Amino acid sequence: MPTGSIPIDTLPGGIDLYATLESGQSYLWRREDGRMYEDAPDGQPWYCTVIGGETLRDSDGTSGQRPRDAEALRVRQTDEAIEWESTTDAETAVRTLLRLDDDLPEIFESAPDDDLVEASYDYARGLRLVDDPPFPTLIAFICSQQMRVARIHSMVSTLAREYGDAVEFRDRTYHAFPTPDQLAAATESELRELGLGYRAPYVVRTAEMVASGEAHPRDAAGLPYEDAREELTRFVGVGDKVADCILLFSLGYLEAVPLDTWIKTAVEEYYPECDRGNYRETSRAIRSAFGVETDGASDTGRDDAYAGYVQTYVFHYLRTRDAAE
DNA sequence: TTAAGACCTGAAGT
DNA sequence: AACTTCAGGTCTT
């Protein structure tokens, strides 16, 4: 069985696997002790996922879609390393999915030094953004509206179990997140029975759009940030906030700042001058506030390239600090 | 272009 | 115990 170990002291800024995978940015991992989100792990639990099962578009863009085999993968953090085991050589996947090459000290060295950002960074040093596959991320965040983190996770797990490919690994069965084709074959009433509520038709229609080739979330990659966000709102059930989540967690737009209820609270209490009354302008303002001072590198005088990183720390801090005390 | 209401559901709070 | 509120919003009118 392919395994590997990545020394933590080779990762700039280290890593906090628990914060990375349980901060509500990725819904594609499952903690092996089954107690995800309930409490912080008291040991060094494995987190499992299935990779490679998504349908890829050929790199030349001409020949539609080509399914790959689904492979199981699990990772855990020990005192010295990130260890992984898989049905395939997953070293590159682990580095990519967990953004292990991100230089956290560099990202935060000159981040805004206000109280909220400082507290958020101290609260979960080592938290890394994830780099998840676009289609599962698209569906997961359509499901996320008006839902708690734990329920979003259970909805995604249910979709995988009901519609995704099975993979055997270590005497257990894991399920890949369904491909667009597999999910498009589901019906609205099925998804309602699975507890998706009014999101059910959104999920079906969006899956159909991707399965038919009408649109793919990857199409947004490469566009300027705000154009990419606009592009993603073509999908049913995707507004500005969900689009920002997709951009940040799966398309590498680290400047994207999803404006959710928690960040809106932060705006009210800490950055009232950033409230511009609408998403687009408030987003620009808070992105600038989460950016770093530069010598006039942009029209705002700030470099917001990593504003989304700051957002994820602040979100995680505000959402979980009370329970942590 | 902006602004209320509706919307599934179940856990958590009175 | 019944009832209200709320949760990483979006769509419709």
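Scope of the values below: all heavy atoms of this structure, side chains included, with no hydrogens, waters or symmetry mates. Quick caveat, the model's predicted, so the values are computed rather than measured.
Using a 4.0 Å heavy-atom criterion, one finds that Gly24(A) contacts the bases of the nucleic acid, with or without backbone contacts as well. Within the 4.0 angstrom heavy-atom criterion, no nucleotide atom of any strand lies near Asn278(A). Across all strands shown, Glu188(A) has no heavy atoms under 4.0 Å from either base or sugar-phosphate atoms. Residue-level contact check: Tyr27(A) touches the bases, meaning some heavy atom is under 4.0 Å from a base atom. Looking at heavy-atom distances under 4.0 Å, Phe315(A) makes contact with a base. Note on Thr312(A): nothing from the nucleic acid sits closer than 4.0 angstrom, heavy atoms only.
Arg276(A) places a side-chain N or O within 3.5 Å of a backbone atom of Glu273(A) that can act as its donor or acceptor partner.
A centroid separation of less than 6.0 Å is found between the aromatic rings of Phe290(A) and Tyr271(A).
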*Take nucleotides 6-14 of chain B nucleotide by nucleotide from the 5' end and write B, S or -, depending on whether a protein heavy atom sits under 4.0 Å from the base, only from the sugar-phosphate, or from neither.*
-BBBBB---
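More than 12 heavy atoms of other residues, nucleotides or ligands sit less than 6.0 Å from atom CZ of Arg125(A).
A nucleotide of DNA chain C counts as in contact with chain A when one of its atoms lies under 4.0 Å from a heavy atom; the first and last such, 5' to 3', are dC6(C) to dC11(C).
Aromatic ring pairs are classed by plane angle as parallel below 30°, tilted from 30° to 60° and perpendicular above 60°; the pair Phe141(A) and Tyr27(A) is perpendicular. Ring geometry for Tyr121(A) against Phe108(A) counts as parallel: the plane angle stays under 30°, on a 0 to 90° scale with 60° as the upper cut.
Geometric assessment of Arg172(A) against the ring of Tyr174(A) yields a positive cation-pi assignment under the 6.0 Å and 45° thresholds. Relative to the ring axis of Trp46(A), Arg74(A) places its NZ or CZ within 45° and under 6.0 Å from the centre.
On the P atoms, dG8(C) is 24 Å away from dG5(B), given to the nearest whole Å. Here the separation of dT10(C) from dG10(B), taken at their P atoms, is 22 Å to the nearest Å. dT4(C) and dA6(B) are spaced 15 Å apart, taking the P atom of each and rounding to whole Å.
Remark: of the listed residues Gln44(A), Glu32(A), Glu83(A), Glu83(A) is the sole one forming a side chain to side chain donor-acceptor pair (under 3.5 Å) with Arg76(A).
Separating the CG atom of Asp240(A) from the P atom of dT2(B) is a distance of 12 Å, rounded to the nearest angstrom.
In this structure the side chain of Met147(A) reaches within 4.5 angstrom of the side chain of Arg199(A), judged on heavy atoms.
dT13(C): Watson-Crick or G-U partner is dA3(B), with both key distances under 3.5 Å.
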